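Any value given below was found using the heavy atoms of this structure, including those in side chains, with hydrogens, waters and symmetry copies removed. Chain A is the first sequence line, chain B the second, and so forth, proteins listed ahead of strands; every chain is numbered from 1. Only a predicted model underlies this, so the values are computations on that prediction, with no experimental measurement involved.
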2 protein chains.
Amino acid sequence: MSKQAAALTLTDITADASCCPPITEHRIPAETAAILAPAFKALGDPVRLQLMSMIASASEGEICVCELTPAFELSGPTISHHLKTLREAGLVDAERRGTWVYYRARPGILHQLATLLTAQTPVDA
Amino acid sequence: MSKQAAALTLTDITADASCCPPITEHRIPAETAAILAPAFKALGDPVRLQLMSMIASASEGEICVCELTPAFELSGPTISHHLKTLREAGLVDAERRGTWVYYRARPGILHQLATLLTAQTPVDA
DNA sequence: TCTCTGATTAGACAAACGTCAAGACAGTGC
DNA sequence: GCACTGTCTTGACGTTTGTCTAATCAGAGA
């Protein structure tokens with residue numbers, strides 16, 4: 001229930017690259033945490049992390065599902081399930097062209113998460 | 001079972017800041033994904049994300065549990081459980097001084113994750 | 001139109017997660 | 001030494017997640 005709302009709001013945030021200062025600067029508001037946590041959760045599975053890296057590092061900016069599926073020892077539906085999770089988290093976009101479906105990363109949200117984690121190193125001595 | 005092994009290995013990685021190039025450059029090896037995914041998973045809960053931000057943004061570089069617990073509408077043990085998750089993920093360190101326990105962030109691992117997500121923007125057109 | 005290939009959806013099950021209540025442990029002050 | 005305060009650990013329960021098989025949907029080619 002909150003998942004869908006979060007995905008929608010996260011999509012909005014993706015358009016605004018200055019929403020979230022690093023966690024080393026300010027405490028994250030509960031709302032922001034509720035919105036961004038699903039994105040981290042989506043990356044919290046080894047298979048999805050690899051899928052995300054394969055999609056993000058694809059040479060033409062996109063990659064066919066037919067290349068992703070055989071790269072894992074998992075069934076097609078399972079890979080599809082993980083891709084759906086990444087999609088709902090706003091991390092990737094999917095597009096069907098002819099027989100195959102192509103996935104591409106959404107750099108905005110990745111940049112968002114990276115900025116959140118980037119330390120200005122005022123922490124510790 | 002794999003969680004503990006991952007936590008240990010992640011602790012090692014924290015010492016090496018150059019282990020993980022951005023996912024936009026290379027596909028993540030399965031081993032690396034298995035090691036880093038638990039860290040993202042640990043950040044995949046709104047409460048833990050807020051806890052992490054409170055710890056990372058603490059003015060003296062550390063923060064007392066007695067400040068963290070009342071900031072949430074959750075029981076003490078539940079907060080303790082989440083802190084343990086962050087600890088096992090290698091994201092924070094805990095130290096007991098007198099009555100209270102103090103938590104401090106480990107900038108290394110945060111930098112690690114941020115680097116992984118940072119795009120050199122070769123993706124897309 | 002029919003058939004074939006490929007991706008997604010639906011349903012089911014085991015494992016892991018988030019939460020709380022109760023009990024145990026550590027340190028302080030008298 | 002003893003009682004008190006505060007935190008952590010253990011055990012339990014309901015929910016969510018990850019995986020599979022079977023079925024459905026979308027497009028290409030004959």
Side-chain angles (χ1 to χ4, degrees), chain A residues 1-7 30 33-34 37-52 54-55 62-89 91-104, chain B residues 1-7 30 33-34 37-52 54-55 62-89 91-104:
Chain A
M1 33 193 94
S2 64
K3 186 180 294 180
Q4 283 141 352
F40 282 116
K41 177 182 278 187
L43 295 176
D45 182 273
V47 173
R48 287 197 294 270
L49 198 52
Q50 282 187 91
L51 283 170
M52 190 68 221
M54 290 180 73
I55 296 170
E62 63 184 12
I63 189 170
C64 177
V65 171
C66 57
E67 284 187 71
L68 297 173
T69 303
F72 300 87
E73 307 259 339
L74 295 171
S75 69
T78 296
I79 296 298
S80 183
H81 165 73
H82 284 304
L83 289 171
K84 182 181 181 181
T85 300
L86 291 174
R87 228 162 48 223
E88 289 181 345
L91 291 165
V92 300
D93 273 329
E95 183 190 358
R96 172 164 225 130
R97 282 208 305 280
T99 305
W100 288 284
V101 176
Y102 293 84
Y103 278 81
R104 63 174 56 229
Chain B
M1 37 189 90
S2 63
K3 184 181 296 181
Q4 282 141 350
F40 283 115
K41 178 181 279 188
L43 295 176
D45 182 272
V47 173
R48 286 197 295 269
L49 197 52
Q50 282 188 90
L51 283 170
M52 190 66 221
M54 290 181 72
I55 296 170
E62 63 183 11
I63 189 168
C64 177
V65 171
C66 58
E67 285 187 69
L68 296 173
T69 302
F72 299 87
E73 307 260 338
L74 293 171
S75 69
T78 297
I79 296 297
S80 183
H81 166 72
H82 283 303
L83 288 171
K84 182 181 180 182
T85 300
L86 291 174
R87 227 162 49 224
E88 289 181 344
L91 291 165
V92 300
D93 273 329
E95 183 189 358
R96 172 166 224 129
R97 284 209 303 280
T99 303
W100 287 284
V101 176
Y102 293 84
Y103 279 81
R104 62 173 57 229

- In terms of side-chain heavy atoms of C66(B), which of dC20(D), dT19(C), dT7(D) is nearest? dT7(D)

- Message: If you only use heavy atoms from C-beta on, which nucleotide in dT7(D), dT19(D), dT19(C) is closest to the side chain of V101(B)?
- Response: dT7(D)

- Ignoring backbone atoms, test whether W100(B) places a side-chain nitrogen or oxygen under 4.0 Å from the OP1 or OP2 oxygen of dG27(C). no

- Item | Residue whose closest nucleotide on DNA chain D lies nearer the 5' end, A94(B) versus G44(A) | A94(B)

- Query: Between atom CZ in R87(A) and atom P in dT8(C), what is the gap in whole Å?
  - Reply: 6 Å

- Quick one: E73(B) CD to dC20(C) P, roughly how many Å, whole number? 10 Å

- Heavy-atom pair of closest approach, residues L43(B) and F40(A): O-CB, 3.6 Å

- Name the closest nucleotide to the C64(A) side chain, picking from dT8(C), dT9(D), dA7(C). dA7(C)

- Expected output: side-chain T69(A) to main-chain V65(A) donor-acceptor under 3.5 Å: yes

- Task: With the side chain counted from C-beta on, respond yes when H82(A) and F72(A) share a heavy-atom pair under 4.5 Å apart, and no when they do not.
- Result: no

- Task: Give a yes/no on whether any side-chain N or O of T78(B) is located under 4.0 angstrom from OP1 or OP2 of dC20(C).
- Result: yes

- Of V65(B) and V47(A), the one whose nearest nucleotide on DNA chain D sits closer to the 5' end is V65(B)

- In whole angstroms, how far is the P atom of dG6(D) from the CD atom of E67(B)? 14 Å

- Task: With heavy atoms under 4.0 Å as the rule, sort T99(B) into base, sugar-phosphate or nothing.
- Result: sugar-phosphate

- Message: Using whole Å, what does the distance between atom P of nucleotide dT7(D) and atom NE2 of H82(B) come to?
- Response: 17 Å

- Is G98(B) touching bases, backbone alone, or none of the nucleic acid, heavy atoms closer than 4.0 Å? sugar-phosphate

- Atom-to-atom span, NZ of K41(A) to P of dT16(D) - whole angstrom: 9 Å

- For residues Y102(A) and R96(A), is any side-chain donor paired with an opposing acceptor at under 3.5 Å? no

- If you check every side-chain atom of S75(A), which of dT21(D), dG18(C), dT9(C) has the closest atom? dT21(D)

- Message: Can you confirm whether V92(B) sits close enough to M52(B) that some side-chain heavy atom of one is under 4.5 Å from a side-chain heavy atom of the other?
- Response: yes

- Message: Applying a 4.0 Å non-hydrogen cut-off, can you work out what Y103(A) is touching in the nucleic acid: base, sugar-phosphate, or nothing?
- Response: sugar-phosphate

- Between L74(B) and R96(B), which has a closest nucleotide on DNA chain C that is more 5'? L74(B)

- Task: Specify the separation, in whole Å, of atom CD of E95(B) and atom C1' of dT7(D).
- Result: 15 Å

- Item | Whole-Å distance separating the NZ atom of K84(A) from the C1' atom of dC20(D) | 16 Å

- Note on the structure: From CZ of R48(B) across to P of dA16(C) the rounded distance in Å is 16 Å

